[in-house]
Amino acid sequence: MKKYIFILAAALTAGANLLHAQSTEHKGLLWSSLHGLDYEFKAGVNIGGTSPLPLPKEIRSLDSYSPGLAITIEGNATKWVDAAQKWGISLGVRLDSKDMTTRATVKNYGMAIFNEVGGKVEGLWTGGVKTKVKMSYITIPLLANYKINNRWKVVAGPYFSYMMDGDFSGEVYEGHLRTPDATGSRIDFEGDNSAAYDFSDELRRFQWGIQAGGSWKAYKHLTVHADLTWGLNDIFKKDFNTISFAMCPIYLNFGFGYEF
């Protein structure tokens, strides 16, 4: 008899603990609901490029484009400001990466290349250019939210980024360099001859832009999202003049999220 009493007591204790855990979780969700707060975890990929817009006259054609694997991970909180929870403001933290490789044909394109003995020669390049851009950021989006209905939501607002690591490098091929300007001496590159360049040290640490997009609630907690991010300041430092036009990152992010 004592054995059955012990088993019953253990079962009741386990049940009480389970009910307490469920009650605590329910109270937490109820508290968030009553205070108009939602939390979300998101993961996705960025596809796009870092480019001047419109394309300057120096870039005659874009010969190839290859996006890299640029993964994003984000956590955010949304505060709903009206009783119907239609309008809200969200603040997030995102680990952001942006990656691309392009080949282009250019004319009188500002360039600084490394020669065979390790020196650097600056001037205007005409010919082929291969460019690799890879940057990693911590990004803080501050977005206005509007719920169209229970499934659809749109967002828009600014974002602010700090670059943790950046690479802007490549090579020139099949062309010539005029140094120091368009009337200067000419250095030719033909066949398999090429020269490397690297502007990574000239990348700006702080960047900002605008973000706009939306999400669709596929299930109770699962969401699907797509967001366009458009950089509004040059990726290069203010005193960097080798490339004479501003270059800004423009990327489409899409992926999945989990709403708590």
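The structure presented is a predicted model; accordingly, all values stated were derived computationally and were not measured. Only heavy atoms go into these numbers, but all of them, side chains included; no hydrogens, no water, no symmetry mates.
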Trainee: More than 12 heavy atoms of other residues, nucleotides or ligands under 6.0 Å from CG of Asp201: yes or no?
Mentor: no
Trainee: After noting the C-alpha distance and the side-chain angles of Leu95 and Ile138, does the key distance pass the side chain to side chain contact (heavy atoms under 4.5 Å, CB included) rule?
Mentor: CA-CA 5 Å; Leu95 296 178; Ile138 293 179; 4.1 Å; yes
Trainee: Measure from the side-chain N and O atoms of Arg151 to the backbone N and O of Lys217, and report whether any donor-acceptor pair falls under 3.5 Å.
Mentor: yes
Trainee: In the structure I gave you, are the side-chain heavy atoms of Tyr146 and Lys86 within less than 4.5 Å of one another anywhere?
Mentor: yes
Trainee: Take a 6.0 Å sphere around CG of Asp181 and say whether it holds more than 12 heavy atoms from other residues, nucleotides or ligands.
Mentor: yes
Trainee: Verify side chain to side chain contact (heavy atoms under 4.5 Å, CB included) between Val133 and Lys98, making sure each step is shown before the conclusion.
Mentor: CA-CA 8 Å; Val133 182; Lys98 296 175 180 178; over 6 Å; no
Trainee: Heavy atoms only: give me the nearest Pro141-Gln211 pair and the separation to one decimal.
Mentor: CB-OE1, 3.8 Å
Trainee: Step by step, work out the salt bridge (charged side-chain N to carboxylate O under 4.0 Å, His left out) result for Asp38 and Lys153.
Mentor: CA-CA 13 Å; Asp38 283 344; Lys153 178 178 73 173; over 6 Å; no
Trainee: Counting heavy atoms not belonging to Ile140, are there more than 12 under 6.0 Å from its CD1?
Mentor: no
Trainee: May I ask you to decide if Trp208's main-chain N or O and Asn233's side chain share a donor-acceptor pair within less than 3.5 Å?
Mentor: yes
Trainee: Less than 4.5 Å apart, side chain to side chain, heavy atoms only: is that true for Arg178 and Asn108?
Mentor: no
Trainee: With heavy-atom distances below 4.5 Å as the criterion, would you say the side chains of Trp230 and Tyr159 are in contact?
Mentor: no
Trainee: Compare every heavy atom of Trp125 with every heavy atom of Gly175, then report the nearest pair and how far apart it is.
Mentor: C-CH2, 3.4 Å
Trainee: When you measure from the side chain of Ser200 to the backbone N and O of Phe168, does any donor-acceptor pair fall under 3.5 Å?
Mentor: yes
Trainee: Would you indicate whether Asn150, at its atom CG, is surrounded by more than 12 heavy atoms from other residues, nucleotides or ligands within a distance under 6.0 Å?
Mentor: no
Trainee: Please say whether more than 12 non-hydrogen atoms of neighbouring residues, nucleotides or ligands are located less than 6.0 Å from NZ in Lys134.
Mentor: no
Trainee: Tell me whether Arg204 forms a cation-pi arrangement with Phe240, defined as NZ or CZ under 6.0 Å from the six-membered ring centre and within 45 degrees of its axis.
Mentor: no
Trainee: Got a sec, which residues hit salt bridge (Lys or Arg N to Asp or Glu O under 4.0 Å) with Arg94, two or more places apart in sequence or on another chain?
Mentor: Glu74, Asp96
Trainee: Should we count CD1 of Ile250 as having more than 12 external heavy atoms under 6.0 Å?
Mentor: yes
Trainee: Using a strict 4.0 Å threshold on nitrogen-to-oxygen distance, state whether Asp167 and Lys132 make a salt bridge.
Mentor: yes
Trainee: Is the shortest side-chain heavy-atom distance between Tyr251 and Met100 below 4.5 Å?
Mentor: yes
Trainee: State whether the number of non-hydrogen atoms from other residues, nucleotides or ligands found under 6.0 Å of Tyr65 atom OH is greater than 12.
Mentor: yes
Trainee: Is there a side-chain contact between Phe199 and Met111 (heavy atoms, below 4.5 Å)?
Mentor: yes
Trainee: If you apply the rule side-chain hydrogen bond (donor to acceptor under 3.5 Å, both in side chains), what do you find for Asn145 with Ser90, and how did you get there?
Mentor: CA-CA 7 Å; Asn145 290 243; Ser90 64; 3.1 Å; yes
Trainee: Please list, chain by chain and in numerical order, all residues satisfying side-chain hydrogen bond (donor to acceptor under 3.5 Å, both in side chains) with Tyr137, sequence neighbours excluded.
Mentor: Gln207
Trainee: Hey, is the main chain of Trp87 close enough, under 3.5 Å, to the side chain of Asp82 for a donor-acceptor pair?
Mentor: yes
Trainee: With rounding to the nearest 0.5 angstrom, report the CZ to NE2 distance, Phe254 to His225.
Mentor: 9.0 Å
Trainee: Would you say the side chain of Met135 lies within less than 4.5 Å of the side chain of Ser161, judging by non-hydrogen atoms?
Mentor: no
Trainee: Can you tell me how far CG of Asp192 sits from OH of Tyr173, rounded to the nearest 0.5 angstrom?
Mentor: 12.5 Å
Trainee: Between Tyr197 and Ala112, what is the shortest heavy-atom contact and its length?
Mentor: CB-O, 3.3 Å
Trainee: Check for a donor-acceptor pair, side chain of His176 on one end and backbone N or O of Ile187 on the other, with a separation under 3.5 Å.
Mentor: no
Trainee: Please evaluate residues Phe206 and Tyr162 with respect to the criterion ring-ring contact (aromatic ring centres under 6.0 Å, His included), reporting the C-alpha separation (whole Å), side-chain torsions for both, the decisive distance (0.1 Å), and the verdict.
Mentor: CA-CA 5 Å; Phe206 291 96; Tyr162 176 79; 5.1 Å; yes
Trainee: Are the side chains of Met247 and Asp234 in contact, using a 4.5 Å heavy-atom criterion?
Mentor: yes
Trainee: Without swapping roles, check the side chain of Arg205 against the backbone of Met163 for a donor-acceptor pair under 3.5 Å.
Mentor: yes
Trainee: For the residue pair Thr242 and Glu202, establish whether any side-chain heavy-atom pair is separated by less than 4.5 Å.
Mentor: no
Trainee: Using a 3.5 Å distance criterion without hydrogens, assess whether the side chain of Ser97 forms a donor-acceptor pair with backbone atoms of Ile71.
Mentor: yes
